[in-house]
Amino acid sequence: MKVAMLCNHYHPHVTGVVTVIDTIIRNLAGQVDFSVHYACHGSGATQNPAAFPSPVGNVLVHSLRPVLGGYFPFTARCLGSLRQLLGHDLIHCHTFWPNSIVPLLRMANKRPVLLTAHGGVDLMQKHQWPMPYKWLVKQAMLAADCVIALDCMEEEAMHSFAPGVKTCVIPNGVDTGPNVLAPATSGPGPTRILYVGALNARKGVEDLVAVAKAHEFSSNKDVEFMLVGEITSEIDLASLPGNVLLTGPLPPERLPEIYSKAAVFVLPSYSEGMPMVILEAMAHGLPVVATRVGAVPLLVEEGETGFLVQPGDKQALLDSLLSLVSDQALAARFGANARLRYQQRHTGAAMARTHFKLYSETYANCTH
């Protein structure tokens with residue numbers, strides 16, 4: 001079977017969606033032939049579309065260069081590159097915005113099309129997006145052979161947003177590799193609170209920096225905050241306190257070591273789907289402090305694997321982090337519970353197997 005993955009970004013720009021795509025490809029190697037088609041922005045947009053090896057194996061990766069930039073030109077570019085998709089048995093779209101092309105792909109390609117929401121419906125309902133965007137997304141969802149939700153709540157939101165849409169639920173999963181290290185409970189150096197993700201306001205980084213500046217942490221030389229991710233203009237670097245360490249974006253192979261040296265993981269986002277970084281932290285046995293958004297409450301069990309706070313509640317965020325860095329026994333218990341929850345529900349192999357079953361059933365239904 002040949003499957004084309006369609007997305008907004010791919011390596012070297014690593015996001016949660018990219019991690020999902022890599023995990024599926026890696027676990028289905030030998031069973032499915034994949035290609036990845038993504039929008040090339042920034043400096044890469046000046047280059048001609050090209051194919052190059054994927055970091056997860058022998059996968060052709062096609063860079064679809066927008067004509068002017070933005071997602072609607074990307075849609076036009078995808079249609080112009082339709083010949084690249086014609087030889088595939090199935091197309092799996094991993095993003096909403098370009099997926100106004102889903103109905104066109106369905107008609108022109110005569111191949112089944114799957115669409116993964118990745119928390120997009122949650123964003124649609126919370127924000128006043130222009131009606132043309134909502135209409136395009138709704139048409140894409142209705143045209144797809146199946147829309148994959150990350151959890152039952154998202155599936156319910158889909159049926160409310162686009163009545164008649166065909167859906168199924170596949171929770172996110174991550175790979176950890178054979179040599180996952182347990183988090184360091186003691187040793188030289190300060191206790192580390194870890195954040196991984198884009199450094200912007202939507203992710204709640206400003207709230208996290210405000211907590212780091214609070215007297216309880218700023219006066220404690222035994223605690224540091226490590227922020228791993230792309231540094232955006234929304235972050236005032238000059239105002240960062242000395243207990244905040246920025247690494248910039250790191251390649252995936254560096255992250256296991258980073259997780260293993262942390263004591264607590266934090267994600268104070270204002271909107272999320274099912275964050276891969278929380279699953280990675282759980283897989284490495286870290287307690288988690290996060291906000292009650294998207295599918296996060298399905299991952300972080302209050303008082304068992306971590307603490308949940310409301311978005312923007314800096315006092316609750318401060319109190320939760322203090323509880324865990326000051327009580328190693330509590331942090332260790334939460335971390336062990338998180339690791340067990342990951343093993344039972346969110347391995348990359350389990351996610352990939354469910355996708356393969358959906359691919360096979362969808363293709364069989366389309367060809368018979």
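Listed for the Asn365 side chain is a donor-acceptor partner under 3.5 Å among the backbone atoms of Glu361. No donor-acceptor pair closer than 3.5 Å links the side chain of Asp145 to the backbone N or O of Leu114. In this structure a side-chain-to-backbone donor-acceptor pair under 3.5 Å is missing from Arg292 to Pro311. Between the side chain of Glu154 and the backbone N or O of Leu150, at least one donor-acceptor pair lies under 3.5 Å. Without hydrogens or angle criteria, Arg202 side chain to Ser271 main chain gives a donor-acceptor distance under 3.5 Å. Judged by distance alone, with hydrogens and angles left aside, the side-chain atoms of Thr232 form a donor-acceptor pair with the main-chain N or O of Leu199 at under 3.5 Å. Looking at Ser160, its side chain never comes within 3.5 Å of a backbone N or O of Ala157 through a donor-acceptor pair. Between the side chain of Ser269 and the backbone N or O of Glu272 there is no donor-acceptor pair closer than 3.5 Å. Between the side chain of His346 and the main chain of Asn172, a donor-acceptor pair closer than 3.5 Å is present.
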Problem set entry | Val300 and Phe307: CA distance, side-chain angles, deciding distance, side-chain contact (heavy atoms from CB on, under 4.5 Å) verdict | CA-CA 7 Å; Val300 182; Phe307 293 120; over 6 Å; no
For this session: Take Ile170 and His355 through the test side-chain contact (heavy atoms from CB on, under 4.5 Å) and record every step on the way to the result.
Result: CA-CA 8 Å; Ile170 304 180; His355 274 89; 3.5 Å; yes
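In this structure, His92 and His94 have side chains that are in contact, with non-hydrogen atoms separated by less than 4.5 Å. Considering only heavy atoms from C-beta on, Glu156 stays 4.5 Å or farther from His159 through its side chain. Two residues are said to be in side-chain contact when any heavy atoms from C-beta on lie closer than 4.5 Å; Leu237 and Leu246 meet this criterion. Considering only heavy atoms from C-beta on, Phe225 stays 4.5 Å or farther from Val209 through its side chain. Contact check for Ile24 versus Met5: side-chain heavy atoms found under the 4.5 Å cut-off. Put simply, the side chain of Leu28 reaches to within 4.5 Å of the side chain of Phe34, judged on heavy atoms. Counting only heavy atoms from C-beta outward, the side chains of Thr116 and Cys93 never approach each other to under 4.5 Å. Met274 places a side-chain heavy atom less than 4.5 Å from the side chain of Pro171.
In summary, of the residues considered (Val228, Val264, Val205), a side chain to side chain contact (heavy atoms under 4.5 Å, CB included) with Tyr195 occurs for Val205 alone. Residue Val296 forms a side chain to side chain contact (heavy atoms under 4.5 Å, CB included) with just one option from Val288, Leu308, Thr291, and that option is Leu308.
Note that the CG atom of Leu321 and the CG atom of Leu208 stand 7.0 Å from one another [nearest 0.5 Å]. Considering CG of Leu267 and CD1 of Ile278, their distance stands at 5.0 Å, rounded to 0.5 Å. The distance from the CG atom of Leu250 to the CE atom of Met226 is 8.0 Å, given to the nearest 0.5 Å.
The list of side-chain hydrogen bond (donor to acceptor under 3.5 Å, both in side chains) pairs with a residue in residues 206-228, not counting sequence neighbours, reads Arg192-Glu224, Asp207-Tyr270. Sequence neighbours left out, the pairs with a member in residues 18-32 that pass side-chain hydrogen bond (donor to acceptor under 3.5 Å, both in side chains) are Tyr10-Asp22, His11-Asp22, Arg26-Asp175, Asn27-Asp175. Applying the salt bridge (charged side-chain N to carboxylate O under 4.0 Å, His left out) test to residues at least two apart or on different chains, none of the pairs has a partner in residues 225-253.
Between Ser323 and Leu330 the shortest heavy-atom distance is O-CD2, 4.2 Å. The heavy-atom pair separating Pro287 from Leu324 by the smallest distance is CB-CD1, 4.0 Å. Nearest heavy atom pair, residue Asp89 against residue Arg111, reads O-CD, 3.6 Å. Closest of all the heavy-atom pairs between Val17 and His118 is CG2-CG, 3.9 Å. Of all heavy-atom pairs spanning Pro190 and Val223, the tightest one is CB-N, 3.9 Å. Taking each heavy atom of Val36 and Cys7 in turn, the nearest pair found is CG1-SG, 3.9 Å.
Between Tyr342 and His284, the gap from one ring centroid to the other reaches at least 6.0 Å. Taking the six-membered ring for Trp and the full ring otherwise, His37 and His88 have centroids separated by under 6.0 Å.
Hydrophobic clustering keeps Met276 apart from Val169 (ILVMFWY residues linked when any side-chain heavy atoms are closer than 4.5 Å, directly or through intermediates). Taking hydrophobic clusters as Ile, Leu, Val, Met, Phe, Trp and Tyr residues chained together by side-chain heavy-atom distances below 4.5 Å, Val293 does not share a cluster with Leu298.
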